[in-house]
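The structure under discussion appears below in the form of structure tokens.
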Amino acid sequence: MSYIRYKNNKLFIENVSVNQLASKLKTPFYLYSEGNIVENYNSFSNSFKKSKPLVCFSVKANSNIQILKILKKLGSGADVVSGGELLKAIKSGIKPNKIVFSGVGKTEEEIRLAIRKNILLINVESENEALLINKISGQLKKKTAIGIRLNPDINAPTHKKISTGKAEDKFGLSKTNLISFCLNISKLKNLKLNAISVHIGSQILSENPFKKTLKVLEEIMIKTKMHFKFVDLGGGFGIAYKKNDRKINLKNYSSLVEKFRKKYNCNIIFEPGRAILGNTAVLVTKIQYLKKGSNKTFAILNAGMNDFMRTALYDAVHNIIPVIKNSKKNKGPLEFVGPICETTCKFIKYNKYQKLRESDYVAIADVGAYGASLSSNYNTKPLIAEVIINKTKARIIRKKQDIKSLLIQ
Ligand code: LLP
């Protein structure tokens, strides 16, 4: 079922007309479909249901506590990368024994917090981090469960700024270093090496790099002869932002995962972010001005790169769709841009687009993952509101930030 669709040329999120909502609330705002989040979560976990994985939603993709609460109710755990995300996950009700903590630069304070909370795994990214966790665990008289993150040196076809699994990337340990780490782990008395983890990048649309990663993991299992209670296969599953983007086929990969799980008698963890939230939201924004350029029209929106960064940061393609469709045509090409004083504060250009007027609403599509969580106060703009729809009901899950909070220092 499509939760974001047109009815009589009007854009609806579930059973709520976006135009009606936009006339009531101040634009811009993020607008989510709860039904869509639930469907994505269930469909992801169903794809791997034979392996009964623990799905740890990657909180960096969307860290709104109300959204985390929805996922928690569905059984989700959390993948966090900071003390702040860890506290948010716990506040949303996710039990510490379903939380994994990754990241190359965990501070002492964050490590202490994670140890005290008894989370499922701290996924260690370097030998020296393991030494520090061992030391702090000793001080706290605890034995801490860790995973060790592999850098499998696999080139996953995706944007170069979101690839994490090549040797030149800062993440994880190389195969050789990881094997020697495993063979010496008994020296670190306050650690339990419970897992091996891996995450090769984000927005990956082919199953092949994931399959190759499983092969590298097999090699390590064979060489170390170790039993890992958990194998954390990370996230990275891409979604179709563009019409012709290929859809990732998880069927075949999931049977390989199941074979692997049986052979090595381990529990599987996944850390999806984008696949659960990506297509569940739009950013509703108003056309502030129309301006004639020398060879195109600029539609200047009241949302900018501070509200939604992906285009400026990764040249990501996000369609912008009208809130009310019409059959008239704009004369010549049209480019949607934002108000921020940077040339990269622009979204997308169309050669053909319908006729628009100032004050019309439009919606930036597929912004549920790495949208609100990446937004900032650049140009001293307050963070915008987040609203979620459940059938006919709209609920504000983050109020627009009060400008006063930006005027303190
Ligand atoms: N696990 C780890 C260790 C990660 O580093 C990430 C994402 C994930 C899981 C979740 O990946 P996903 O399933 O969402 O692809 N801001 C960029 C994406 C950065 C991803 C960073 N790590 C974007 O907007 O495309």
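Atoms within each ligand, like the ligands themselves, are counted from 1 in listed order. Keep in mind that this is a model prediction, so the values were computed, not measured.
Between Arg261 and Glu258 there is a salt bridge, since at least one side-chain N of the basic residue sits less than 4.0 Å from a carboxylate O of the acidic one. We find that Glu218 and Lys263 are joined by a salt bridge, their nearest charged nitrogen and carboxylate oxygen being less than 4.0 Å apart. The pair Asp79-Lys60 meets the salt-bridge criterion, since a charged nitrogen lies less than 4.0 angstrom from a carboxylate oxygen. A salt bridge is absent between Lys215 and Glu219: the closest approach of a Lys/Arg side-chain nitrogen to an acidic carboxylate oxygen does not fall below 4.0 angstrom.
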Problem set entry | Test ring pair (Phe, Tyr, Trp, His ring centres under 6.0 Å) applied to Phe48 and Phe270, step by step | CA-CA 10 Å; Phe48 294 99; Phe270 283 112; 4.2 Å; yes
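Against a heavy-atom cut-off of under 4.0 Å, Asp79 is close to the following atoms of ligand 1: 1 (N), 2 (C), 9 (C). Interface atoms of ligand 1 facing Gly235, defined by a heavy-atom separation under 4.0 Å, are 9 (C), 13 (O). The distance from ligand 1 to the heavy atoms of Gly236 drops below 4.0 Å at these ligand atoms: 11 (O), 12 (P), 13 (O), 15 (O). Below 4.0 Å from some heavy atom of Leu374 lie the following atoms of ligand 1, by number and element: 16 (N). Taking a cut-off of under 4.0 Å to the non-hydrogen atoms of Glu271, the atoms of ligand 1 that pass are 1 (N), 2 (C), 3 (C), 8 (C), 9 (C), 10 (C), 13 (O).
Residue contacts with ligand 1, taken as heavy atom pairs separated by less than 4.0 Å, involve Tyr314 solely via side-chain atoms from C-beta onward. Heavy atoms from both the backbone and the side chain of Ser202 come within less than 4.0 Å of ligand 1. No part of Asn123 comes within 4.0 Å of ligand 1, judged by heavy-atom distances. Under 4.0 Å from ligand 1, the heavy atoms of Arg310 that appear belong solely to its side chain. Only the side chain of His199 comes within 4.0 Å of ligand 1, judged by heavy-atom distances. With a 4.0 Å cut-off on non-hydrogen atoms, Val81 does not touch ligand 1 at all.
Phe29 does not carry Lys400 over the face of its six-membered ring by the limits of under 6.0 Å from the centre and within 45° of the normal.
Side-chain N or O atoms of Glu335 include none that pairs as donor or acceptor with a backbone N or O of Lys349 at under 3.5 Å.
At a cut-off of 3.5 Å, with distance as the only test, no side-chain donor of Ser102 or Arg149 sits close to an acceptor on the other residue. Counted by atom type alone, Tyr289 and Glu358 present zero donor-acceptor pairs between their side chains at under 3.5 Å.
At least one N or O atom of Gly273 sits closer than 3.5 Å to an N or O atom of ligand 1. Annotation: Pro272 places no N or O atom under 3.5 Å from an N or O atom of ligand 1; distance criterion only. Between Ser58 and ligand 1, no pair of N/O atoms sits closer than 3.5 Å.
We find the CD1-CD distance between Ile248 and Gln203 to be 9.0 Å, quoted to the nearest 0.5 Å.
With sequence neighbours left out, Glu108 forms a salt bridge (charged side-chain N to carboxylate O under 4.0 Å, His left out) with no residue at all.
Closest to atom 6 (C) of ligand 1 by heavy atom, among Lys60, Arg149, Met309, is Lys60.
Distances shorter than 4.0 angstrom do not occur between any heavy atom of Ala61 and any atom of ligand 1. Heavy atoms of Ala369 come nearer than 4.0 angstrom to ligand 1 in no pair at all.
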